[in-house]
Structures are given as C-alpha cells and as structure tokens.
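One structure is given here, and the rest of the page talks about it.
Residue indices begin at 1 and follow the sequence shown. Predicted, not measured: the structure shown is a model, and the values here were computed from it.
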Amino acid sequence: MILGDFEIIVIGGGHAGIEAAHAAARLGAKTLLITQNIDTIGALSCNPAIGGIGKGHMVREIDALGGFMATIADHAGIHFRLLNRRKGPAVRGPRAQVDKMHYRRLAQGGLGKLKTLQIFQGEVAQIALHGGAVTGVVLTQGLVFHARAVVLTTGTFLAGKAHIGHHQFESGRLGDQPSNALSQFLRSLGLDMMRLKTGTPPRLHAGSIDWHRTEPQEGDPEPERFSFLTQRIPLPQTLCHLTHTTAETAQIIRDNLDQAPLFNGQIQGIGPRYCPSIEDKIQKFPQRHEHTIFLEPEGLDSFEIYPNGISTSLPLAVQQAVVHSIPGLEQAHFTRPGYAIEYDAINPMGLHPSLEVKGIAGLLTAGQINGTTGYEEAAAQGLMAGINAWQRIQDHAPVVLDRKTSYIGVMIDDLVTRGVDEPYRMFTSRAEARILLRPDNADERLTPLGRQLGLVDDERWQRFQEKQQAIATARQRLGTLSSRVAGGGGGRKTGLQWLAVTDADKDDILAEFGLESLAPEVRAFIVNDSHYGGYWEQVKHGLNQDKRLDAILIPKSMDWWQVAGLSTEVREKLKRVQPETLGQAERIPGVTSAAISNLLIHFRLMQQKSP
C-alpha cells in the first residue's frame, strides 16, 4: 500500500535524523521523518550533555551553517563550562549539561513547525531500489513511501543487542526494539558491515546520594553559548558534583571480570577507546587508584543522576557493589542499570565524501551507522547528509567541506578515507589546521556557505554581516601604531601586534585604541585572531599545497594498474577506497609521498595525450 510521495525520507529520530530532516525541510524538500517512536525524537540516550573538546567546535559549525543542535542546547542548558580554558583559544571546548526532557521537547517542537516536514511512526524494513537508485522505503507492515533520496540515521538500532552481565537481549537501546529487518536487508545488498559496541552507566536516584561527601562543581558565571544567535540562556543553572572510584572499587571489578561481557567473549563488537567502561579502565590502568566520576543531573525536575565515568555491562549485583564503593554513593539507589549494546554499522570507506553509499544513488547515511560515537558527530553528519540529499534531488554537485576549513570536514574525510577500527570520536588533534578552526570563527568559515545553500535566514545573515563589519572597523583602528601601551617600554607596535603579546593586558590595549566597548563576540574574535596571527604564515604553504591536491579530480574509471611505479599494496589501498581527489588519496594510510608523485606524473601525461 503506497501511503505518499516525498522527495527525501529520513529514517531515525536521533541527533543525525533531526539535523537531516531539519536541513532538508528548510531547503524546501517535501520531507518525511520515519521513527519507531515519535515520543523519543531528540532523546539523549546516554549522557545529558552537548559539546566538549572538538565536539563543541562542531556544534558551533552546525550552527554557523544554519543547523539546529546549538539552539536547542542553549535553550535546554542548565550547566555550562568551557573546557581546556588554560590552553589556547583554538582548542577550548564549549560544553553544557542539558535538561534531557526539555531538550527533547524543543527538538520535537522545532521539527513540528516545519511546513514541508511530515513525521510518521513506523519501522522501515527495506529501501526500495530500481536500477541502482533509491525509489523509497518499505515498512515492516508492507506500507510504502516513495522518495528520490533516503537518509539512514539508525543509531544503535541495527541488529542491536544489549548486555547486562550474562543476560543479553535484542534492543535498540534499553526499552526499545531493534531494527533487525533493515539490518538484514542492508547485508543482503552486499554492503561491508561491521559490529560495534557502546555502553552507558547506571542511573541513580538523587535523593539517595550523600552530597556532603562529593565535591560541588559550579558552571561558568558567563555561559559560553553554542549558537551565534542566542542572546541569553533561559533556564536556571545548577551544580554538578565530583567523586571518585576507590581501591575497593577496583578490587570488586577485578574479582568479577569473568562475569564482564567485555572480557569473557560475550561481546564481539569493538568499543570506543576514548570512552571506555569502568571495567576496561581498571584493567588497562591498574596503577591508577582513583578515576573521577562526574555526577550530572538529567534535568532541573529530574530525580535521576548520570554518573559519568562508570559505564559498565557487569551484572546488576556487581554494578551495585561498584557504585556503593564510591564516596557519596554508599546508599545510592539504582533507577536504571548500566548496559553495553552491540549494533551493526557500515564501513564508512564505502561512502562518497557526500555520505552517499557508493553504488546506490540517493542512499545516504549519517551518525553511528557510519562508525562514529557521540551526539555531535551524528548531528554534523546528519546536517551534511540532509544537505546532500537535497543536492541529489536537485541534480546539483554534492557539498563537501574541506578538512582545512572545518572539523566537520575533518571527520567526514577521516571516515571515508581512513575508515574506522573503533567508534570514531572527534578531537582537536585530528585537525592539521586546528589553530585556525576556532569555535569563535566558525561563522566566518561557514556562514557564507550556509547562506549560499539557503539554510542561513535573513536574521542570521544580518547578524553575521554586522559582526563582520564591527571586526573590520576594529582591525582598521588596531592597525595604527602606538608606543603608549604596556608602559611604552616595548617600542612602537600596531594594536594587533600588541594584542599578540602573550602577557599583555588585552583590555588596556583595546581601551588605548578606543575599543573598550566592543561586543563580547567581536572582542573574542579580534583577540583570538591576533593571538594566532604569527602562526598563519607557518601553515599557509602546507594548506595551499593540500588544497592544490584536493582540486585534482581522479576519474571514476581510474585503472590503478596503469600507473607506473606504484606498489601492489598502494594499488590495493587505492582500489579499495576509490579516492575522488588526489588530496584524498594522499591521506589514505600507507599511500606514500612517492606514490602521490607518480600519480601527479600520470595525470600530467594523461592531460598531454588528451586532444
């Protein structure tokens, strides 16, 4: 039974699905979002937080392009902290605890206001295909929806299996059914699938915690907002608390490792190295006697506490013994057990940089199905998949972000070029140009593109232009010379040069040039830009070289065995990845500089032979 014709269908209502549906609908596509449970659209399945180091950068980039996550996080935020504050401004990461229920309501309400978006509750069993291209989807009950592009954002639901000690059961997440039929269908297409794993800690009742035995942690007095448009943080702010594991905690875990699914062979999937379970931490770091636990509220009106740092799949009785060995948690009541979950994912090397599946026109994937972990990584992919689904149905070239201009570009290039051997998490260290990819300049880097695509509305564009004009005016003033700053003992320098002096008083310098009343976002941009000004020339040559290689397109019918001088190993790597540019080929692990030189020579010879 055919229920309707759409242009774009998004499968899944998590963070990737929200951004994909939001982008596609705002661009004008007749869009359908299909999810197993409408009530859980926007649910934060694990920690009640958005942002962090690298992750916060991507939330700013999502916002700069016209995405949705930053606005929701600002309006649901109840505890804001800027991480890495002691380090340079380029690697500081905005992060916020959010009210989980309020976040969900805001996400659902925002989607519900989009006139070109419909939402339907159901389970997709198959992608309808014809001639190697998407034509729609088929639900488990036989219902059919037509569309020219489909975005898969299935999270941990593909053949999901949860583990609590020896007990294992099929689950998308605790309390939800997995998507087994869709997983089987994707495997039937011959896609390169893999098995990954993630986990979550137990949840605790706030009233059963002895808060006097924990350390209170206040948020920043001036919250670092995610969205460039947010004027104020509307919700009251609250405390988090810190505690730590003990020697008793470690001993309890060591005594029960034979019951840990992660170590007894029960779990086959690969877990995230940078977000390990507590049993994994104890096993890998036996010399550490304490591991910090962050007690994070799940909402202003919630009685549940998220103990960040003790993700576990141990049996429930062992989980309780572990928690009760931690200061302040001796009498803590469990509201939900911790568990691990295994799920199917697609090898992301089988994707184009547009996130479209190679060989299936119009099928795009985003989020944990692509081997990533984290809300922010999923949302960023969802945004780009939604944009490129629109580009596909418009017969326009895909939008691919450069890894030199965005963390989103770094992530997607890493995924499709290098693949994953564990769930991928964003870090600032993954970006070669990280000193240029600051949180405060995400709008300068990406908002013009968002405007060009049609995602940046008039209000955002006007605000951006006003900010750019204020920056230009301030730079013009700061370009003049002065010797009065810093007591006049440093010779004559321009204001920009004075701002680059590490220990100089920035407020005094700005006041000297009549800029003491700059808007906070303009002041931050000017000061941070000056801080890194000396590095630009150092990295400029390398970035320009990389851009030249990225501009050289590789023919789709490329025969790697026709290129002289390549080793068999390099040929096999190139054949497997099928890079679309020479820059992408250069970033494939094991492809040497000599191989790139041989490819350059080959392409030049091809150009000379062409008529």
Side-chain angles (χ1 to χ4, degrees), residues 15 18-19 21-27 42 50-51 55-80 82 89 92-99 102-103 105-115 117 219-220 222-235 237 375-376 379-380 382-384 386-387 401 406-408 437-472 474 518-526 528:
H15 302 282
I18 288 170
E19 292 293 344
H22 182 262
R26 287 193 60 224
L27 288 169
I50 299 293
K55 293 169 173 282
H57 291 68
M58 284 199 296
V59 178
R60 283 279 178 85
E61 293 178 353
I62 291 168
D63 183 70
L65 283 165
F68 199 21
M69 174 176 269
T71 300
I72 311 174
D74 281 344
H75 286 80
I78 58 176
H79 180 100
F80 290 78
L82 183 64
R92 294 172 189 161
R95 185 178 189 271
Q97 301 298 135
V98 299
D99 186 307
H102 194 50
Y103 188 99
R105 287 192 294 268
L106 289 170
Q108 293 175 14
L111 292 179
K113 294 176 183 176
L114 297 172
K115 294 181 179 179
L117 174 66
D220 293 337
E222 292 294 329
E224 188 80 13
R225 293 159 289 186
F226 288 110
S227 175
F228 290 96
L229 295 185
T230 300
Q231 297 294 300
R232 66 180 185 88
I233 301 302
L235 292 186
Q237 300 299 286
Y375 307 143
E376 304 80 4
L383 174 61
M384 297 312 300
I387 289 171
L401 297 183
S406 69
Y407 277 95
I408 298 175
L437 306 182
R438 307 192 310 266
D440 63 278
N441 69 8
D443 56 345
E444 184 181 55
R445 292 184 276 117
L446 297 172
T447 295
L449 173 61
R451 180 66 172 182
Q452 178 186 336
L453 292 171
L455 281 175
V456 168
D457 60 20
D458 292 342
E459 179 191 359
R460 182 183 292 275
W461 185 241
Q462 182 179 345
R463 288 275 298 277
F464 172 72
Q465 289 182 309
E466 289 172 352
K467 177 183 173 184
Q468 293 304 104
Q469 182 58 53
I471 290 169
L518 281 177
E521 63 270 19
V522 176
R523 180 195 185 280
F525 186 96
I526 291 288
N528 294 341

Please output the side-chain donor-acceptor pairs of residues 107-115 that fall under 3.5 Å, not counting sequence neighbours, one pair per line with the distance.
residue	atom	partner	partner atom	Å
Gln108	NE2	Ile38	O	3.4
Gln108	NE2	Asp39	O	2.9
Gln108	NE2	Ile41	O	3.0

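No side-chain heavy atom of Phe228 sits less than 4.5 Å from a side-chain heavy atom of Arg463. In this structure, the side chains of Met384 and Leu65 come closer than 4.5 Å at one or more pairs of heavy atoms. Residues Tyr103 and Tyr375 have side chains not in contact (no heavy-atom distance under 4.5 Å, counting atoms from C-beta outward). The shortest distance between side-chain heavy atoms of Phe464 and Pro448 falls below 4.5 Å.
Separation of atoms CD (Glu376) and CZ (Arg95) is listed at 8.5 Å; rounding is to 0.5 Å. Expressed to the nearest 0.5 Å, how far CD of Glu521 lies from CG of Asn441 amounts to 14.0 Å. Note that CD of Glu222 is 10.5 Å distant from CD1 of Ile233, once rounded to the nearest 0.5 Å. We find the CD1-CG distance between Ile62 and Leu455 to be 12.0 Å, quoted to the nearest 0.5 Å. Between the OG atom in Ser406 and the CG atom in Leu401 there is a gap of 4.0 Å [rounded to 0.5 Å]. Summarising the geometry, atom CD1 belonging to Ile471 is positioned 4.5 Å from atom CZ belonging to Phe525; distances are rounded to the nearest 0.5 Å.
Using a cutoff of 4.0 Å between basic side-chain nitrogens and carboxylate oxygens, Arg60 and Glu224 are scored as salt-bridged. Asp458 has a carboxylate O that lies under 4.0 Å from a charged side-chain N of Arg451, or vice versa, which qualifies the two as a salt bridge.
Between the side chain of Arg523 and the backbone N or O of Leu518, no donor-acceptor pair lies under 3.5 Å. Arg445 places a side-chain N or O within 3.5 Å of a backbone atom of Arg438 that can act as its donor or acceptor partner. No donor-acceptor pair closer than 3.5 Å links the side chain of Glu19 to the backbone N or O of Ala380. The main-chain N or O of His102 is found under 3.5 Å from a side-chain atom of Asp99 such that the two form a donor-acceptor pair. Between the Arg26 side chain and the Gly66 main chain, a donor and an acceptor come within less than 3.5 Å of each other.
When all heavy atoms of Lys467 and Val522 are compared, the closest pair comes out as CG-CG2, 4.2 Å.
One side chain, Ser227 or Asp63, offers a donor N or O that lies under 3.5 Å from an acceptor on the other. One side chain, Gln462 or Glu466, offers a donor N or O that lies under 3.5 Å from an acceptor on the other.
Note on ring orientation: taking the six-membered ring where Trp is involved, the planes of His22 and Phe68 are parallel (angle under 30°, cut-offs 30° and 60°).
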